[in-house]
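Since the structure is predicted, the reported quantities are computational estimates derived from the model, not experimental observations. As the structure lists them, so they are numbered: ligands from 1, and atoms in each ligand from 1.
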Amino acid sequence: MSSPAAQIHVLNGPNLNLLGTREPEVYGADTLDDIADRLAALGEQLGLAVTCRQSNHEGDLVDWLHQAQAEGARAVLLNAGAYTHTSVALHDAIRAIKVPVIEVHLSNPHLREEFRHKSLVGMAAKGTVCGFGANSYIVALHAAALL
Ligand code: DQA
């Protein structure tokens, strides 16, 4: 019998439910469902079971990080949206779990406003992929497959 596919949890934070219509010049035209479909297809090729979630609430993201650990996920891809720059709770949650977390951004925050230059998520994450639009998630899933 083949072993079950490694699980990758893709967690998305505030306002990412509006992808497709939200500042498309910054974030592109793909919706979060489009990205989830692409990740699921790539996951199948890589032998990874990908689940995608989105919440506008910080505590949900904290709970889902804990859940990734409880369920034995191989890795988490986390686009925490604006909480990236503010959330000590997410920083602590990433540090509290053993599951590697890959920080993901569609845009490159370093090229944008100064308040986006600091990442509390990135300071705790295994690594960061940013600036490639929806392809940031694709690159991050390839990275997760190497862990
Ligand atoms: C973002 C970058 C954040 O600065 C911003 O608050 C977002 C989206 C990105 O994917 O580029 O909501 O995480």
Subject >> Heavy-atom nearest neighbour in the protein, as seen from atom 1 (C) of ligand 1, with distance rounded to 0.1 Å >> reply: H105 ND1, 3.6 Å

**OP:** Report yes if R22 has an N/O atom closer than 3.5 Å to an N/O atom of ligand 1; otherwise report no.
**Re:** yes

Original post:
Take atom CZ in R116; do more than 12 heavy atoms of anything else shown fall under 6.0 Å from it?
Top reply: yes

Subject >> Pair V104-V10, side-chain contact (heavy atoms from CB on, under 4.5 Å): steps then yes or no >> reply: CA-CA 10 Å; V104 178; V10 182; over 6 Å; no

Subject >> Taking every non-hydrogen atom, the tightest pair across G13 and N56 >> reply: O-OD1, 4.2 Å

**OP:** Indicate, as side chain, backbone, both or neither, the part of N79 found under 4.0 angstrom from ligand 1 when only non-hydrogen atoms are considered.
**Re:** side chain

**OP:** Count the heavy atoms of every other residue, nucleotide or ligand shown that sit under 6.0 Å from CD of E71, and state whether that count exceeds 12.
**Re:** yes

Original post:
Given that the side chain starts at C-beta and the backbone is N, CA, C, O, which of these parts of S107 lies under 4.0 Å from ligand 1, counting heavy atoms, or is it both or neither?
Top reply: both

Original post:
Tell me, which protein residue and heavy-atom name are nearest atom 3 (C) of ligand 1, and how many Å apart are they?
Top reply: H85 NE2, 3.5 Å

**OP:** Please work out which of F115, Y137, Y27, Y83 has its closest non-hydrogen atom nearest to atom 8 (C) of ligand 1.
**Re:** Y27

Original post:
How are the rings of H85 and F115 set relative to one another: parallel (under 30°), tilted (30 to 60°) or perpendicular (over 60°)?
Top reply: perpendicular

Original post:
Is the closest heavy-atom distance from H117 to ligand 1 below 4.0 Å?
Top reply: no

Subject >> Working for side-chain contact (heavy atoms from CB on, under 4.5 Å), residues Y137 and L106 >> reply: CA-CA 8 Å; Y137 291 86; L106 297 128; 4.0 Å; yes

Original post:
Taking heavy atoms and a distance under 4.0 Å, where does E23 meet ligand 1: side chain, backbone, both or neither?
Top reply: neither

Subject >> 4.5 Å side-chain heavy-atom contact, V99 and H9 >> reply: no

**OP:** Measure the distance from atom 9 (C) of ligand 1 to every protein heavy atom, then report the residue, atom name and distance (to 0.1 Å) of the closest one.
**Re:** L106 N, 3.4 Å

Original post:
Quick one: does N15 get within less than 4.0 Å of ligand 1, heavy atoms only?
Top reply: no

Original post:
Would one find an N or O of L16, backbone or side chain, under 3.5 Å from an N or O of ligand 1?
Top reply: no

Subject >> Common cluster, I102/I8, ILVMFWY with side-chain heavy-atom separation under 4.5 Å >> reply: yes

**OP:** May I ask you to list the atoms of ligand 1 that are less than 4.0 angstrom from any heavy atom of R116?
**Re:** 3 (C), 4 (O), 5 (C), 6 (O)

